[in-house]
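These notes are about the structure you will find just below.
In what follows, chains are A, B, ... by sequence order, proteins preceding strands, each numbered from 1.
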Amino acid sequence: MGPLLIMDLNTLRHSCSHVMAQAVKELWPQVKLAIGPAIEDGFYYDFDKKEPFTDEDLLVIEKKMQGIIASDEPFLQEDLAKEKAIELFKKLKEGYKVELIQALPDKNVSIYKTGKAFLDLCRGPHIKSTGQIKVFKLLSVAGAYWHGIETNPMLQRIYGTCFETQKELEAYLKNLEEAKLRDHRKLGPALEFFDIYHEEAGAGLVFYHPKGALIRTIIEDYEKKEHLRRGYQIVITPHIMQAELWKTSGHYDYYKENMYTFKIEDKEFVLKPMNCPGHILIYKSKTRSYKDLPIRYFELGTVYRHEKAGVMHGLLRVRGFTQDDAHIFCLPAQLRDEIKKIIDFVFDTMKIFGFNEVGIELSTRPEKYIGSEEDWQKATTALEDALKEKGIVYEVNQGDGAFYGPKIDIKLKDALKRTWQCATIQCDFALPKRFNLAYIDAEGKERQPIMLHRVLLGSLERFIGALIEHYKGEMPLWLAPTQVLLIPIKDTVTQYAQEVKQKLESNNIRVDIDMRNETLDKRIRNAELNKTPYCLILGEREAKQGQVSVRKKGSGDQGAIALDKFIEELTNQIQEHR
RNA sequence: GCUGGAGUAGCUCAGUUGGCAGAGCACGUCCUUGGUAAGGACGGGGUCACGAGUUCAAUUCUCGUCUCCAGCUCCA
């Protein structure tokens with residue numbers, strides 16, 4: 001047998017997961033099998049075993065797998081009548097498999113056999129024989145619920161991956177290493193952007209240090225300016241509001257487990273988990289005419305949500321975060337256009353921050369929801385139509401919408417092609433109804449506006465996390481907290497360094513000065529590690545001629561130029577970035 | 001919340017088979033005044049995550065709590 005002409009990587013990985021399961025069964029016959037599919041970067045198999053698998057176990061399993069591969073056992077497929085299959089797996093005491101077969105609609109089920117005794121329920125396809133597996137590696141063990149349902153028993157999942165060549169495997173492992181180097185949880189604190197790990201303050205709460213706060217401020221300023229330019233109005237609403245309001249909005253009934261509530265003098269208050277009710281109160285503060293619509297309220301709204309312990313993750317999942325949140329109140333006739341405008345706004349914003357690739361998903365009605373089916377249908381159609389009219393390709397996530405409406409999620413892709421959920425656009429007929437929102441139409445009749453909820457960056461925390469990983473902590477010039485670091489060579493030039501600093505500052509360039517009693521080399525190394533875009537080396541030569549010696553991060557010494565010239569060039573470069 | 005792993009100086013980590021805790025970097029002082037990625041000397045710094053228990057003695061053993069990590073579930 002020659003090699004496969006077209007090797008389907010998924011098939012290969014799926015087969016590899018079978019081999020792993022076979023190895024596990026041979027080593028621990030009492031282990032029960034659940035499922036073992038191929039996934040994006042490899043495969044896994046879920047096992048029911050009392051004692052946890054250890055890292056040493058993984059090595060033992062790998063060795064066993066190598067044996068199975070070496071003996072080149074064929075994958076044999078066979079169709080069995082459903083009843084017979086159930087009987088067979090009952091006899092094998094594979095309860096999970098029995099459950100799976102019982103759930104299958106067909107009369108016959110497909111079984112694969114490898115080796116002497118390894119049988120698995122499987123649709124296939126598989127490679128011809130185990131010898132076709134060349135390179136594989138078991139990566140980790142983790143718990144996973146049977147069928148992914150929280151109340152089901154927890155199984156042990158072994159993750160592994162498999163490639164056609166050693167080279168590809170190494171590239172994959174290298175990519176994992178690369179991702180580790182970009183980890184914002186490491187880089188953020190190391191670069192003094194933020195920290196998040198104060199046990200005494202509580203989990204999931206972010207402390208922005210000066211540099212991180214500066215980055216965030218730059219982003220916020222950009223957003224405020226851009227929203228005003230695009231016809232939004234900035235509003236600011238309270239952080240605590242009484243429970244009454246959240247009962248009206250439905251959050252109290254549908255979102256309670258995530259809300260921070262407290263009682264003062266018999267009144268119950270809620271720390272806001274969302275900004276919508278606040279914006280709604282502003283809308284309701286007076287009678288609105290159809291001529292006023294659309295009304296677009298924007299708020300950098302800080303919200304608190306009690307996420308379950310164990311789901312927090314760096315800046316990506318926290319308990320207190322700030323959304324670049326807007327609510328648009330519009331006429332039915334304006335809906336599609338408003339959605340399209342938001343989509344454009346999202347794309348423009350992503351581009352500004354250096355993300356050029358996105359993935360788009362439409363999420364439909366979940367099990368827990370408010371509002372009528374008819375409104376859900378209308379809202380979903382509006383979102384779909386806007387996407388279609390813009391010629392955007394999207395995936396559908398059934399049942400993944402918010403409780404008050406369907407949504408479009410726009411996920412950005414970073415330098416390593418990983419996706420980040422940031423922007424979302426939600427169409428909502430339910431809250432306007434609950435709050436009795438109204439406008440007066442051309443005939444003088446009261447009508448109900450439609451409400452759009454949307455965020456562009458999502459949460460500033462998550463977005464900053466994405467930025468750090470995308471740029472590996474090396475912020476683009478316009479976002480870099482320190483754009484230029486001055487390094488006076490010795491203290492005879494500190495006077496000149498001060499002058500340069502002032503001149504740069506008066507040109508709105510963010511500048512720091514490193515006057516520490518350290519060698520030039522040491523201070524340069526430091527600047528490189530801090531990922532400062534530019535260093536200006538200032539010695540007596542430069543002072544004499546009004547020049548600066550430019551060092552660019554990553555590309556080294558650029559030679560000396562006149563200070564004014566440097567300012568001009570840098571200013572241009574900062575402008576270009578945005 | 002669930003399964004498994006972990007918590008020693010600001011950071012990266014060593015160490016104590018139960019007997020007053022260590023390195024490098026960082027920080028401070030002094031020397032050095034340097035031309036593009038680590039100059040030198042000396043020094044300060046720890047309730048060994050927190051709380052109970054066992055013990056003559058706990059950072060080390062046991063239990064509980066908190067936090068973090070890999071996932072599951074959930075999500076901006």
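For A:Asp57 and B:rU3, the CG to C1' distance is 15 Å, given to the nearest whole Å. Atom-to-atom, NE2 of A:His306 to P of B:rU73 comes out at 20 Å; the value is rounded to the nearest Å.
B:rG46: no Watson-Crick or G-U partner with both key distances under 3.5 Å is found in any strand. Taking a pair to require two hydrogen-bonding distances under 3.5 Å in either a Watson-Crick or a G-U wobble arrangement, B:rC13 pairs with B:rG22. B:rA70: Watson-Crick or G-U partner is B:rU3, with both key distances under 3.5 Å. Under the Watson-Crick and G-U wobble criteria, each requiring two contacts below 3.5 Å, nucleotide B:rG51 is paired to B:rC63. The partner of B:rG35 is absent, by the rule that a Watson-Crick or G-U pair needs both atom distances under 3.5 Å.
The aromatic rings of A:Tyr232 and A:His227 lie perpendicular to each other, with more than 60° between the two planes, well past the 30° mark. Classified by interplanar angle (parallel below 30°, tilted 30° to 60°, perpendicular above 60°), the ring pair A:His251/A:Tyr255 is perpendicular. In this structure, A:Phe355 and A:Tyr471 have tilted ring planes: the angle between them lies in the 30° to 60° band. In this structure, A:Trp376 and A:Tyr369 have perpendicular ring planes: the angle between them is above 60°, well past the 30° mark. Between A:Tyr222 and A:Phe353, the ring-plane angle classifies as perpendicular under the 30° and 60° cut-offs.
Closest approach of A:Phe136 and A:Cys16 over heavy atoms only: CB-SG, 3.7 Å. Nearest approach of A:Ala142 to A:Tyr159, heavy atoms of both residues: CB-CE1, 4.4 Å.
With A:Glu461 contributing its side chain and A:Leu316 its backbone, the two residues share no donor-acceptor pair below 3.5 Å. Not a single donor-acceptor pair under 3.5 Å links the side chain of A:Asp409 to the backbone N or O of A:Ile360.
Of the residues in residues 456-472 of chain A, A:Gly458, A:Ser459, A:Arg462 come within less than 4.0 Å of RNA chain B through at least one heavy atom, sorted by number.
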Next item on the list: Start with the C-alpha gap between A:Thr161 and A:Asp41, add the side-chain angles, then the distance that decides, and say whether side chain to side chain donor-acceptor pair (under 3.5 Å) holds.
Entry: CA-CA 6 Å; A:Thr161 193; A:Asp41 292 318; over 6 Å; no
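Between B:rA9 and B:rG44, the distance separating the two C1' atoms is 11 Å to the nearest Å. The P atoms of B:rA21 and B:rC48 are separated by 9 Å, rounded to the nearest whole Å. Straight-line distance between the C1' atoms of B:rG15 and B:rC74: roughly 41 Å, to the nearest whole Å. As rounded to the nearest Å, B:rG18 and B:rA76 have C1' atoms that lie 49 Å from one another.
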Note to self: Strictly under 4.0 angstrom, non-hydrogen atoms only: write out the protein contact profile of nucleotides 23-38 of chain B, one letter per nucleotide from the 5' end, B, S or -.
What the structure shows: ---SS---BBBBBBBB
Margin query: Can you build the contact string for nucleotides 65-71 of chain B? Use B for base contact, S for sugar-phosphate-only contact, and - for no protein heavy atom under 4.0 Å.
Written below: -BSSSSB
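In summary, the aromatic rings of A:His306 and A:Tyr260 are positioned with their centroids under 6.0 Å apart.
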